[in-house]
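Here the structure is laid out as structure tokens; the discussion comes afterwards.
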Amino acid sequence: MLDGLDPEQREVAMALHGPVCVLAGAGTGKTRAITHRIAYGVRAGILQPASVLAVTFTNRAAGEMRGRLRQLGAGGVQARTFHSAALRQLQYFWPKAVGGDLPRLLERKVQLVSEAAARCRIRLDRNELRDVTSEIEWSKVTQTVPADYPAVVAKTQRDAPRDPAEISQIYAMYEQLKRDRSVIDFEDVLLLTVAILQDRHDIADHVRRQYQHFVVDEYQDVSPLQQRLLDLWLGDRDTLCVVGDASQTIYSFTGATPDHLLNFRTRHPNATVVKLVRDYRSTPQVVHLANGLLGQARGRAAEHRLELVSQREPGPDPVHAEYADEPAEAEGTARRIRDLIAAGVPAGEIAVLYRVNSQSEVYEQALADAGVPYQLRGAERFFERAEVREAGIALRGAARAGGNDSLLDDAEGLPAEVRAVLSTKGWTTEPPAGSGAVRDRWESLAALVRLAEDFEQAKPGATLSDLVAELDERAAAQHAPTVQGVTLASLHSAKGLEWDAVFLVGLNEGMMPITYAKTDEQIEEERRLLYVGVTRARFHLSLSWSLSRSPGGRAGRRPSRFLNGLRPGSVALGTRGAAGGGGIERGPGPVAKRGRRGPARCRVCGKTLTDAGEMKLMRCDDCPSDMDEALYERLRDWRAVRAKEIGQPAFCVFTDKTLMAIAEAVPGSAGELAGISGVGARKLDRFGTAVLAICAGETPEEGLGDAVDEV
């Protein structure tokens, strides 16, 4: 049972008596250590399987733990989430403690919160409703009653989505409605279990006889309410093993706090403390950057940080990439991903991680243009989000009505029209305070405004109808069905996952840390969030930022302060030296223009090109085309057949723009074909022979050949 464990993991497995605290860094094999600990205790006869309760925070993690324990011969051990374990006890003891049946559990509390707000004569839109519901959940897990909510918000400097007094009213009415209707919510499961265990000593004794030993994973994410329940399960015993890493505390907005982990040795002076620092996930280069990131951290969690030591062979240095603007950053990222896939890295082992979900749109578009399949995690695709669909309907209606001039003041141009239309959907020039659903909605609408600004810059004089057509085209391309592909995810939703290659994008001041992180504590949590992102990478790691938001914009942005002293040429706060080694990659655009490369210009009229599609054609969309129409149609027909053969969307073979560029150039050799934007070495190898045959007027040989796994 101990074979294959490193010395520290073995120490964890053999520490079966008294309180145990395992401080486990990212990628150090904590799940392996604690499951072997339980199984070793069972095999040694020290632990009885039915007397062990292992607690974690997600059903996925609990399921994984149960599976590992079964494989190790400890299948009788209970591995559950806090809520699952509490609900089981509540259902069993309710008839004895209270009498009758347990009240019905609310599946979703939003509808009842909405009714509570209406009864208080407070109007909430859909997104405000979600945010107020989240505030009620936070209040309950932090054991804050309605009357105390305003004072607690002021004390903790929490950004409330509404007037705290109004939320307090809604919260109180919500609790009243639940009592009137004899229903309970998810948080009540914990609260009622705590109440029963506190009031009924006989029931508490029953639970303590059942469970003699407790293991708590991700202990840095325990809320005050969960800690209270754990204390009641334990009673006056100390048969507890906790596992966590204060440097990965990123959910304080839900009530999680690392204080219980950091105070464990104070509460249990005789505790066995084991540190797991051997990182089996990431290369020394990735680990070095992760350690450097935390080395600049401040605060209590930083004082207990773990210095990881990579156990892997050396790999490539992390890439620090600077781009002229956001679209250039997305296109550069897509190109590098395409190169990695061509080099043999599976698309499913690559991730693009960003701070907020609204950042996904430009990467969805760039990957679609590059013919790279992708999947979103923890969020809807940009054009499938409710607010984006509603905005699209409003813009389409305004376009049919001939524009939206009646809503404009002195402003002119397409972006002003779009702002006017979206203002009817709640968009404002200034973002709402704090985070939450209201902020997420604003970010999505703001992304549409930026799209309009970029579109007009690329196509001066474009109308609202032109923009609507562009949005429809983007939506159609991005909604194409995909197989396993590159993961697009927010940093929060990436916790607990890992990939061979990770691209951390949009690392600008204002986004990382996010603008609404004001206090020192909030800033440090943003640093920990970036640390979590860095430690998701096994081998390839890229960190990128852009100097302006849109093409041609003022290059006034700065890289994240968290990269000071880590990116080449930068200086850490309080130091004189700069980070050494490597360099910063420069993407195309104004930044690169100062070097060897010049701007892309239309080969017909000489105008500077900024639109990605026009740059593929090397001409403006409205400039005369010398495209061979018949060749273009033959290429489209071939692409349709090829896409069907390999089970991919057509754009994953070649986009329409690339086919147009081929039909205009009519390449006669592999070198000429490779020079066309959108082809690249991998597609040249996969499809080049067939395309050149079509260009020569020949019929290409059909069949899958070696291309079954392409894209």
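When all heavy atoms are compared, the tightest approach of V362 to P327 is CG2-CA, 4.0 Å. Here the closest heavy-atom approach between residue A368 and residue T655 is recorded as O-CG2, 4.0 Å. When all heavy atoms of T333 and Y323 are compared, the closest pair comes out as N-OH, 4.1 Å. The two residues T81 and A62 make their nearest non-hydrogen contact at N-CB, 4.4 Å.
Every residue two or more places apart in sequence or in another chain that forms a side-chain hydrogen bond (donor to acceptor under 3.5 Å, both in side chains) with S544 is listed here: E329. For R80, the side-chain hydrogen bond (donor to acceptor under 3.5 Å, both in side chains) partners two or more places apart in sequence, or in a different chain, are Q78, S84. Scanning for side-chain contact (heavy atoms from CB on, under 4.5 Å) contacts around S310 gives P284, V287, R312, with sequence neighbours left out. Considering only residues two or more places apart in sequence or on other chains, S252 meets the side-chain hydrogen bond (donor to acceptor under 3.5 Å, both in side chains) condition with E525. Remark: D339 engages no residue in a salt bridge (Lys or Arg N to Asp or Glu O under 4.0 Å) (not counting sequence neighbours). A search for salt bridge (Lys or Arg N to Asp or Glu O under 4.0 Å) contacts involving R158 returns E135, not counting sequence neighbours.
Using cut-offs of 30° and 60° for the angle between ring planes, the H492 and Y251 rings count as tilted. The aromatic rings of Y354 and Y363 sit parallel to each other, their planes meeting at less than 30°, with 60° as the upper class boundary.
Environment of CG in N59: sparse, with no more than 12 heavy atoms of neighbouring residues, nucleotides or ligands closer than 6.0 Å. More than 12 non-hydrogen atoms from other residues, nucleotides or ligands lie less than 6.0 angstrom from NE2 of H304.
Between T487 and V352, the closest side-chain pair of non-hydrogen atoms is not below 4.5 Å. L448 has its side chain out of reach of E361: every pair of non-hydrogen atoms, C-beta onward, lies at least 4.5 Å apart. Under the 4.5 Å side-chain criterion, counting only non-hydrogen atoms from C-beta, F82 is in contact with F57. In this structure, the side chains of F562 and E526 come closer than 4.5 Å at one or more pairs of heavy atoms. Two residues are said to be in side-chain contact when any heavy atoms from C-beta on lie closer than 4.5 Å; V222 and T257 fail this criterion. Taking the side chain as every heavy atom from C-beta outward, D125 and E128 approach each other to under 4.5 Å. Side-chain contact between L23 and L306 is present, with at least one heavy-atom pair separated by less than 4.5 Å. Counting only heavy atoms from C-beta outward, the side chains of V502 and W499 approach each other to under 4.5 Å.
With values rounded to the nearest 0.5 angstrom, L293 atom CG is found 7.5 Å from L563 atom CG. Here the straight-line distance linking atom CD of E390 with atom CG of L395 works out to 12.0 Å at 0.5 Å rounding. Annotation: the span from L190 atom CG to L225 atom CG amounts to 5.0 Å, rounded to 0.5 Å. Going from atom CZ of F503 over to atom CZ of R336 covers 4.5 Å, rounded to the nearest 0.5 Å. The CZ atom of R32 lies 12.0 Å from the CG atom of L276; values are rounded to the nearest 0.5 Å. The distance from atom CZ of R60 to atom OG1 of T58, rounded to the nearest 0.5 Å, is 5.0 Å.
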task = Would you check, one step at a time, whether the test side-chain contact (heavy atoms from CB on, under 4.5 Å) holds for Y374 with I337?
result = CA-CA 11 Å; Y374 65 88; I337 288 173; over 6 Å; no
request  = Decide yes or no on salt bridge (charged side-chain N to carboxylate O under 4.0 Å, His left out) for D217 and K30, but give the supporting numbers first.
outcome  = CA-CA 9 Å; D217 193 13; K30 66 180 177 66; 3.0 Å; yes
task = For V356 and M511, run side-chain contact (heavy atoms from CB on, under 4.5 Å): C-alpha distance rounded to whole Å, both residues' side-chain angles, the deciding distance at 0.1 Å, then the answer.
result = CA-CA 8 Å; V356 296; M511 191 58 74; 3.9 Å; yes
message = Pair R281, E498 - check salt bridge (charged side-chain N to carboxylate O under 4.0 Å, His left out), show working.
response = CA-CA 8 Å; R281 175 187 300 160; E498 58 186 79; 3.1 Å; yes
key: Evaluation steps, side-chain contact (heavy atoms from CB on, under 4.5 Å), between V505 and L353   = CA-CA 6 Å; V505 299; L353 306 181; over 6 Å; no
task = Tell me, with the steps shown, if E524 and R527 meet salt bridge (charged side-chain N to carboxylate O under 4.0 Å, His left out).
result = CA-CA 5 Å; E524 286 307 313; R527 187 193 304 275; 3.1 Å; yes
request  = Could you go through the salt bridge (charged side-chain N to carboxylate O under 4.0 Å, His left out) check for K140 and D185 one step at a time?
outcome  = CA-CA 10 Å; K140 298 182 78 164; D185 62 25; 2.8 Å; yes
inquiry  = I'd like to know whether T249 forms a side-chain contact (heavy atoms from CB on, under 4.5 Å) with R528, so could you lay out the CA-CA distance, the side-chain angles of the two residues, the decisive distance to 0.1 Å, and finally the verdict.
reply    = CA-CA 7 Å; T249 305; R528 295 195 296 269; 3.9 Å; yes
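The side chain to side chain contact (heavy atoms under 4.5 Å, CB included) test with H320 singles out one residue from L507, L541, L543, and that residue is L543.
Using a 4.0 Å cut-off between charged nitrogen and carboxylate oxygen, E218 and K495 count as a salt-bridge pair. A salt bridge links E307 to R305: at least one charged side-chain nitrogen sits closer than 4.0 Å to a carboxylate oxygen. Ion pairing between a basic and an acidic side chain is recognised when a charged N comes within 4.0 Å of a carboxylate O; R549 and D325 show no such pairing. Ion pairing between E322 and R567 fails under the 4.0 Å rule for side-chain N and carboxylate O. Residues E326 and R557 are paired through a salt bridge, judged by an N-O separation under 4.0 Å between the basic side chain and the carboxylate.
Here the side chain of S560 pairs a donor or acceptor atom with the backbone of M512 at under 3.5 angstrom. Here the side chain of Q220 pairs a donor or acceptor atom with the backbone of D245 at under 3.5 angstrom.
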